[in-house]
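Naming: A, B, ... by sequence-line order, numbering from 1 per chain. Hydrogens, waters and symmetry mates play no part in the numbers below; they use all other heavy atoms, side chains included.
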Protein chains: 2
Amino acid sequence: MRLSTKALYAVRAMVCLNLQKGGEPVSIREISARERISLTYLEQLFAKLRRSDLVRSVRGPGGGYVLARPAAEIALDAIIDSVEETLAPASCVEQKEPCCHGEQCVTHQVWLELGERIRDFLASISIEDLSRDALERRRGDLLNPETGELS
Amino acid sequence: MRLSTKALYAVRAMVCLNLQKGGEPVSIREISARERISLTYLEQLFAKLRRSDLVRSVRGPGGGYVLARPAAEIALDAIIDSVEETLAPASCVEQKEPCCHGEQCVTHQVWLELGERIRDFLASISIEDLSRDALERRRGDLLNPETGELS
DNA sequence: AACATTCCCGAGCAAAACTGTCAATTAAAG
DNA sequence: CTTTAATTGACAGTTTTGCTCGGGAATGTT
Ligand code: FES
Ligand code: FES
């Protein structure tokens, strides 16, 4: 039940893009350095993100990627759909083929619902939400440096 | 975000066990035939289920496996824990190591919560629940054979 | 025009995980 | 003592993952 690194990386990268001051393009190289993710691997991910219209690319010096839409309108499920194949817990949920012999499958409904829950949860969180959290945390760090930990 | 066949098979097998009339042991061979799952593969799964005290084994002729506890007390998360490694969507959620560089990780909280939701959902469903559904559906089949589909 | 920067694309590839198989053994019932 | 069936450990084939590499094409700078 693990998400692949593709999904993990893509979400982090998208937050990175949104955190950029002034909405200037962020280069893959920069993200690679900041997030410690292989540069060439990131290229692959951004190719998919672009094809899904989640980011726009700007070529040439000073270029990079920008979010294609307002961060509040980009939810995590869309990002994961873009770079990873599926959020469904079982192959049959996406009508590939039934897992079981002819009869009605006892467990199908469960996996269907589980898939829905996962998607609903991820759809309820946007890049904006994550960015806000990140900023709040940084501010918190400045205000309470003595506590060490933050709630 | 797929569950492995281990998880899928194990849940179906456990329902099989519970559906047995009279609580007699069900052999792996029988389950293999009924659910069309490789016999030797099932052996592996049941070894794990037994080590987790979810089933008890009875050797010799007429032997097989029985649920170790009442079906209502066996939830799906326990079964999946038993045969599969994890329900956590990211490795860092199980305190292996942080995914990110030194700082606080922007996305960690999300994966943590997602993992909780998944576990909560699966923990809310017992083998008994699934068995009841299965029986109701069979009864429904008998009552409304003309509809073909059931809600 | 030359050059540097950056995105773009496709192929390839090693390691891990997944999905099993096989052989040999032990325990119990009849 | 024979048959049934669980128990164990090793191993093999395939798929997926997580990358790398090599070369291009667009764009801005000098
Ligand atoms: S057909 Fe979907 S779980 Fe069996
Ligand atoms: S440390 Fe858990 S997601 Fe980064």
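Rounded to the nearest 0.5 Å, atoms CD (B/Glu35) and OH (B/Tyr9) are 10.5 Å apart. Here the straight-line distance linking atom SG of A/Cys92 with atom CG of B/Leu8 works out to 6.5 Å at 0.5 Å rounding. Atom CH2 of A/Trp111 sits about 12.0 Å away from atom OG of A/Ser91, to the nearest 0.5 Å.
Per the geometry, OH belonging to A/Tyr9 stands 9 Å off C1' belonging to D/dC19, to the nearest Å. Between A/Leu8 atom CG and D/dC19 atom P there is a gap of 11 Å when expressed in whole angstrom units. Between B/Glu30 atom CD and D/dA6 atom C1' there is a gap of 15 Å when expressed in whole angstrom units. The CD atom of A/Glu43 sits 11 Å away from the P atom of D/dT20 (whole-angstrom rounding). D/dT8 atom P lies 16 Å from atom CG of B/Leu42, rounded to whole Å. To the nearest angstrom, P of D/dG18 lies 11 Å from NZ of A/Lys48. Between the P atom of D/dG13 and the OH atom of B/Tyr41 lies a distance of 17 Å, rounded to the nearest Å. To the nearest angstrom, P of D/dT17 lies 13 Å from CE of B/Met1.
The pair B/Asp120-B/Arg117 fails the salt-bridge criterion, with no side-chain N (NZ, NE, NH1 or NH2) lying under 4.0 Å from an Asp/Glu carboxylate O. The pair B/Lys6-B/Glu84 does not count as a salt bridge, with every side-chain nitrogen at least 4.0 angstrom from each carboxylate oxygen.
Taking the side chain to side chain contact (heavy atoms under 4.5 Å, CB included) definition, one finds that A/Ser82 meets it with A/Lys48, A/Leu49, A/Ser52, A/Leu54, sequence neighbours left out.
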Identify each donor-acceptor pair in which a side-chain atom of residues 16-27 of chain A lies under 3.5 Å from a protein atom, sequence neighbours left out, and give them as a table.
residue, atom, partner, partner atom, Å
A/Asn18, ND2, A/Ser131, OG, 2.7
A/Ser27, OG, A/Glu30, N, 3.1

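Checked by atom type and distance alone, the side chain of A/Ser32 pairs as donor or acceptor with a backbone atom of A/Ile37 at under 3.5 Å.
Considering only heavy atoms from C-beta on, A/Val66 stays 4.5 Å or farther from A/Val55 through its side chain.
Residues A/Glu73 and A/Ser126 have side chains that never bring a donor and an acceptor to within less than 3.5 angstrom of each other.
The list of salt bridge (Lys or Arg N to Asp or Glu O under 4.0 Å) pairs with a residue in residues 52-63 of chain B, not counting sequence neighbours, is empty.
One finds no side-chain N or O of A/Ser4 lying less than 4.0 angstrom from the OP1 or OP2 phosphate oxygen of D/dT16. Note on B/Ser57: a side-chain N or O is less than 4.0 Å away from OP1 or OP2 of D/dT7.
On the nucleic acid side, DNA chain C contacts chain B at distances under 4.0 Å to non-hydrogen atoms, with the end points of that region at C/dT19 to C/dA29.
Annotation: proximity of residues 15-29 of chain A to DNA chain C (heavy atom, distance under 4.0 Å) is found for A/Val26, A/Ser27, A/Ile28, numbered in ascending order. Residues of residues 58-69 of chain B having a heavy atom closer than 4.0 Å to DNA chain C, listed by number: B/Arg59, B/Gly60, B/Pro61.
Across all strands shown, A/Thr40 has heavy atoms under 4.0 Å from base atoms, whether or not it also approaches the sugar-phosphate.
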